[in-house]
Amino acid sequence: MTDTSKTLCPYCGVGCGLEVLPPARPGRPVNRDEHGNPVWQARGDRNHPSSKGQVCIKGGTVGDSLDRSRLLYPMMRESLDQPLRRVSWEDALSRITYEMRKTLEEKGPEGIAMYGSGQFQTEDYYTAQKLLKGCLGTNNFDANSRLCMSSAVAGYIQSFGSDGPPCCYDDLEQTDCAFLIGTNTADCHPIVFNRLKKYHKKNRKVKMIVVDPRYTDTAKAADLHLAIKPGTDIALLNGIAHLLLRHGWIDPGFIDSCTDGFSDYAQVVKSYPPERVTEICGITLSELTKAAAWWGKSERVLSMWSMGVNQSTEGTAKCRTIINLHLMTGNIGKPGAGPFSLTGQPNAMGGREAGGLAHILPGYRLVKNPEHRQTVEKVWQVPEKSISPVPGLAAWDMMLALERGDLGVFWVAATNPAVSMPDIKRTQDALRKSPFTICQDAYYPTETAAFAHVVLPATQWGEKTGVMTNSERVVTYCPAFRNPVGEARADWEIFAEVGRRLGFEKQFAQRTSAEVYDEFISLTAGQLCDATGLSHERLAKGPIQWPCPAGESDAIAHGKHDKRLYTDYRFATPNGRAKFCAFHIKGLAEPPDENFPFVLTTGRLYGHWHTQSRTGRIERIVKKYPEPLLEVNPKDAQLLEVQSGDWVEVRSPRSFAQIKVLVTQNITRGTVFMPMHWGFLWGDNMEVNALTHPEVCPISLEPELKACAVQVTPIAAPQSDDEATVKTRFEAVQKLAMRVEVTV
Ligand SMILES: Nc1nc2c(c(=O)[nH]1)N[C@H]1C(S)=C(S)[C@@H](COP(=O)(O)OP(=O)(O)OC[C@H]3O[C@@H](n4cnc5c(=O)[nH]c(N)nc54)[C@H](O)[C@@H]3O)O[C@H]1N2
Ligand SMILES: Nc1nc2c(c(=O)[nH]1)N[C@H]1C(S)=C(S)[C@@H](COP(=O)(O)OP(=O)(O)OC[C@H]3O[C@@H](n4cnc5c(=O)[nH]c(N)nc54)[C@H](O)[C@@H]3O)O[C@H]1N2
Ligand code: SF4
Ligand SMILES: [Mo]
């Protein structure tokens with residue numbers, strides 16, 4: 001192994017390049033933690049084109065998490081009321097193939113479902129698609145990206161004819177107006193934010209607008225913060241469009257020659273005059289007119305968004321409504337402009353390329369399209385019509401299928417649905433009903449393992465070789481730089497082994513992830529996400545952006561290419577035109593009422609990652625964020641008669657949580673905020689998703705995790721059990737219906 005290894009940060013979709021230093025360097029003693037484990041250090045890779053050497057606290061501390069609480073060997077039990085016991089891989093795999101065969105006989109292929117993750121490498125994703133969609137004949141593969149990016153995917157496909165964020169990070173330093181909506185970029189995409197902030201500071205003419213019900217660190221850096229009421233984005237965007245039209249701040253040439261549907265859109269936008277919009281959104285007229293004027297008068301507008309937009313029953317409509325503004329002002333296909341959806345997870349982008357959602361196939365194809373199915377069937381060497389034309393179960397639908405008893409095998413890999421799904425009590429009940437659940441994770445315990453019949457140890461980042469794609473379509477090679485821990489195996493190898501055992505030897509003949517990658521990229525030929533110029537060998541020399549057709553990798557590596565999509569203004573629709581689509585605002589699926597008078601919104605903190613499987617085990621981070629806090633506006637706090645540090649019970653129509661209050665001006669009145677990071681392993685009654693509801697966007701099927709109605713009541717501090725640990729909490733949950741042996 002080399003002195004340092006270049007790879008990609010395994011956390012957020014910014015995709016910063018990292019250099020990992022091995023524990024022993026010549027002349028230096030081996031650095032070990034208190035358990036005697038070698039300590040790995042990560043630092044920014046100056047040569048990575050996306051991050052240029054920068055990292056945030058998560059990337060900088062990732063090394064600390066690699067040897068804590070790892071799942072070392074497979075475990076199994078007959079039913080959930082038994083303890084999990086160590087077994088051999090052979091026993092675990094035989095049981096899995098037995099259960100899969102049984103389900104195929106009893107329920108058919110639709111009785112099997114896999115729930116994967118944007119934290120897979122592309123090779124993991126691709127192999128899982130082949131197993132489920134090609135060999136077994138069910139499209140029941142979905143990923144946590146359904147809770148995350150699926151509205152953006154649907155928005156791009158419907159407006160442009162294909163998925164694919166058209167922008168690149170250089171746009172951050174070339175724009176005249178950055179319009180950030182529903183994104184706390186400062187905390188969640190810190191290095192993207194740093195680049196933007198630096199440029200904005202230096203160039204005072206550049207405008208920065210942030211649309212968020214909270215006064216986040218992102219909002220604090222803005223020239224204009226629109227603290228809209230949650231769920232009113234469409235009214236705001238239509239209101240901006242209304243003013244753009246009124247003042248003639250539009251690009252008629254672009255509209256005429258490159259788009260369809262403008263007149264219907266203009267008709268709808270007419271019913272969003274400023275008086276109505278300011279009333280709906282709870283902002284002032286001068287704020288609205290300023291936003292419209294800045295958009296309208298800027299030569300180049302770059303919009304950026306993430307979960308405040310996507311996680312909504314109007315998620316797709318919100319994305320398309322943002323895109324409408326770009327189309328009417330010709331703000332796309334040129335430097336510093338475009339609709340830029342910021343990807344959440346490190347390889348959610350690669351997942352989309354590899355077909356990792358229930359309605360898509362590798363190479364930005366759709367399961368509904370017969371030609372697309374045929375092309376993929378050929379490469380997969382499966383008989384014609386093997387791939388079902390029907391989209392599979394989306395994430396929440398998998399929970400409903402478990403409730404109904406429709407599934408025989410539920411396979412979870414690299415995600416922790418017992419924390420991150422909406423309506424978590426109902427989710428956990430559905431998981432308890434599952435006849436056979438596999439939980440394939442790198443850590444143990446996790447909340448989802450409490451509901452599993454088999455747990456499989458997966459190698460994670462740094463222990464397996466593969467590639468990941470970041471938000472700006474840059475593909476980075478992530479080599480194994482350390483040995484697998486315990487008996488852990490790579491996700492793709494586990495899927496392939498099960499495939500072979502089910503009789504698909506030919507389909508899973510690849511012996512290395514490089515071979516898997518080669519097959520995958522053959523399916524991108526001629527597609528928007530063409531990556532036929534890439535291979536592990538080529539990427540080992542450095543990251544490259546797609547599209548990268550065969551023969552172009554050297555030119556692209558030297559930056560001699562269009563870093564943006566649609567620079568010729570030809571879109572991926574059949575007639576080459578982008579499509580306007582007008583939406584009226586519908587508002588929140590569960591608006592507040594007398595009984596539940598507050599809107600609860602949910603999201604992230606700078607230091608923690610999701611369900612804390614890594615960051616909850618890093619002291620530096622835990623010290624900074626020891627517990628979750630409910631953000632409450634001072635006026636609301638006064639009415640509730642609570643102060644910072646007081647305990648409250650937060651109750652929604654579904655369940656409750658108990659949490660300490662943080663009184664802060666950073667949140668608008670009537671809204672409270674709770675972070676998503678605390679599942680039942682980390683504390684009692686701290687689960688934000690005990691409160692959220694599972695209503696989804698009808699187009700993208702993404703749940704509205706950003707808003708539900710709650711009541712807030714002061715309570716006495718709950719009796720704290722100082723003895724409670726991850727281990728005892730795991731056991732307590734087991735007692736509800738099951739027991740487990742914990743080996744932390
Ligand atoms: N530190 C950290 N960074 C992360 C992650 C993490 O766990 N921790 N996870 C990664 C992943 S997977 C993702 S998806 C991204 C998410 O990145 P972000 O989307 O930036 O993060 P969130 O905190 O989920 O939500 C963003 C903002 O949406 C606002 N919001 C809520 N409701 C509305 C609304 O109706 N309209 C508007 N306009 N805004 C609203 C919230 O107040 C919040 O500030 O972060 C990635 N980066
Ligand atoms: N209320 C609310 N809920 C939310 C959200 C919100 O904003 N609010 N956000 C949603 C969003 S955007 C997201 S992305 C989800 C995230 O939610 P999850 O996906 O459930 O969160 P993670 O903690 O990232 O879970 C990843 C798991 O994979 C494991 N892992 C890491 N690497 C590997 C690997 O290589 N192989 C395998 N097999 N396992 C690995 C980790 O140990 C961890 O247990 O949460 C969603 N839920
Ligand atoms: S910004 Fe994202 S990718 Fe970069 S170091 Fe931080 S978590 Fe990692
Ligand atoms: Mo996400």
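We count ligands from 1, going down the list as the structure has it; atoms in each ligand are counted the same way. Any value given below was found using the heavy atoms of this structure, including those in side chains, with hydrogens, waters and symmetry copies removed.
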When you check the side-chain N and O atoms of [X] and [Y], is any donor under 3.5 Å from an acceptor?
X    : Y    : value
Q612 : R617 : no
N666 : E631 : no
N633 : D636 : no
E702 : N310 : no
N689 : S420 : no
D491 : Q440 : yes
T611 : S613 : no
W609 : Q119 : yes

Protein heavy atom at shortest distance from [atom]:
atom                    : answer
atom 5 (S) of ligand 3  : C56 N, 3.4 Å
atom 9 (N) of ligand 1  : R604 NE, 2.9 Å
atom 28 (O) of ligand 1 : G308 CA, 3.4 Å
atom 38 (N) of ligand 1 : D233 OD2, 2.7 Å
atom 3 (N) of ligand 1  : C188 CA, 3.4 Å
atom 3 (S) of ligand 3  : C16 N, 3.4 Å
atom 12 (S) of ligand 1 : H610 NE2, 3.0 Å
atom 25 (O) of ligand 1 : K706 CE, 3.1 Å
atom 42 (O) of ligand 1 : D212 OD1, 2.7 Å
atom 20 (O) of ligand 1 : N184 N, 2.8 Å

If we set the cut-off at 4.0 Å for heavy atoms, which region of [X] has an atom near ligand 1: side chain, backbone, both, or neither?
X    : answer
T216 : side chain
T601 : side chain
C12  : side chain

Counting heavy atoms only, which of C148, P190, G607, C56 comes nearest to atom 14 (S) of ligand 1?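 That would be C148.
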Kindly identify the option in G344, P213, S306 whose heavy atom sits closest to atom 40 (C) of ligand 1.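 That would be P213.
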Relative to the heavy atoms of [X], which atoms of ligand 1 are at a distance of less than 4.0 Å?
X    : answer
H608 : 1 (N), 2 (C), 6 (C), 7 (O), 8 (N)
L605 : 1 (N), 2 (C), 8 (N)
D187 : 1 (N), 2 (C), 3 (N)
G231 : 34 (C), 35 (O)
I181 : 38 (N)
Y606 : 1 (N)
H677 : 7 (O)
K58  : 1 (N), 2 (C), 3 (N)

Salt-bridge contact D223-K207 (side-chain N to carboxylate O under 4.0 Å):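 Judged by the 4.0 Å cut-off on N to carboxylate O distance, D223 and K207 do not form a salt bridge.
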Can E173 and R195 be counted as an ion pair, charged N to O under 4.0 angstrom?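 Here E173 pairs with R195 in a salt bridge, since their nearest N and O are under 4.0 Å apart.
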If you measure from each heavy atom of S51 to ligand 3, is any distance below 4.0 Å?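 Outside the 4.0 Å threshold, so no.
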Checking the side chain of Q711 only, and the main-chain atoms of F596 only, is there a donor and an acceptor separated by less than 3.5 Å?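 Side chain of Q711 to backbone of F596: no pair is present.
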Using atom types as modelled and distance alone, determine if a side-chain donor or acceptor of S51 lies under 3.5 Å from a backbone N or O of G17.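 Yes; at least one donor-acceptor contact below 3.5 Å.
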Is any N or O atom of R214, backbone or side chain, closer than 3.5 Å to an N or O atom of ligand 1?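 In this structure, R214 places an N or O atom under 3.5 Å from an N or O of ligand 1.
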Should the ring pair F141 and F120 be called parallel, tilted or perpendicular, given that the plane angle runs from 0 to 90° and is split at 30 and 60?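 The arrangement is tilted - the two ring planes meet at 30° to 60°.
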Is the NZ or CZ atom of R614 both under 6.0 Å from the centre of the six-membered ring of Y11 and within 45° of that ring's axis?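 Checked: cation-pi criterion met.
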R214 to F673, cation-pi by 6.0 Å centre distance and 45° axis angle: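 Yes, a cation-pi geometry.
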Of the backbone and side-chain N, O or S atoms of C12, does one lie nearer to atom 4 (Fe) of ligand 3 than 2.8 Å?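 Not a single backbone or side-chain N, O or S atom of C12 is under 2.8 Å from atom 4 (Fe) of ligand 3.
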Is the distance from atom 6 (Fe) of ligand 3 to some N, O or S atom of H189 under 2.8 Å?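 Given the 2.8 Å cut-off, H189 does not count as a ligand of atom 6 (Fe) of ligand 3.
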What heavy-atom pair brings W295 and S303 nearest, and what distance separates the two atoms?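 Scanning both residues completely, I find the closest heavy atoms to be CH2-CB, 4.4 Å.
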Check ligand 3 against [X] and write out every atom of the ligand that is under 4.0 Å from a heavy-atom position of the residue.
X    : value
G15  : 3 (S)
G59  : 5 (S)
P190 : 1 (S)
Y11  : 7 (S)

Taking both backbone and side chain into account, is any N, O or S atom of C9 nearer than 2.8 Å to atom 8 (Fe) of ligand 3?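 Yes - counting backbone and side chain alike, C9 has an N, O or S atom under 2.8 Å.
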Flag if over 12 foreign heavy atoms under 6.0 Å of [atom1], [X]:
X    : atom1 : result
E279 : CD    : no
R276 : CZ    : yes
K197 : NZ    : no

May I ask whether L705 places a heavy atom under 4.0 Å from ligand 1?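 No heavy atom of L705 comes that close to ligand 1.
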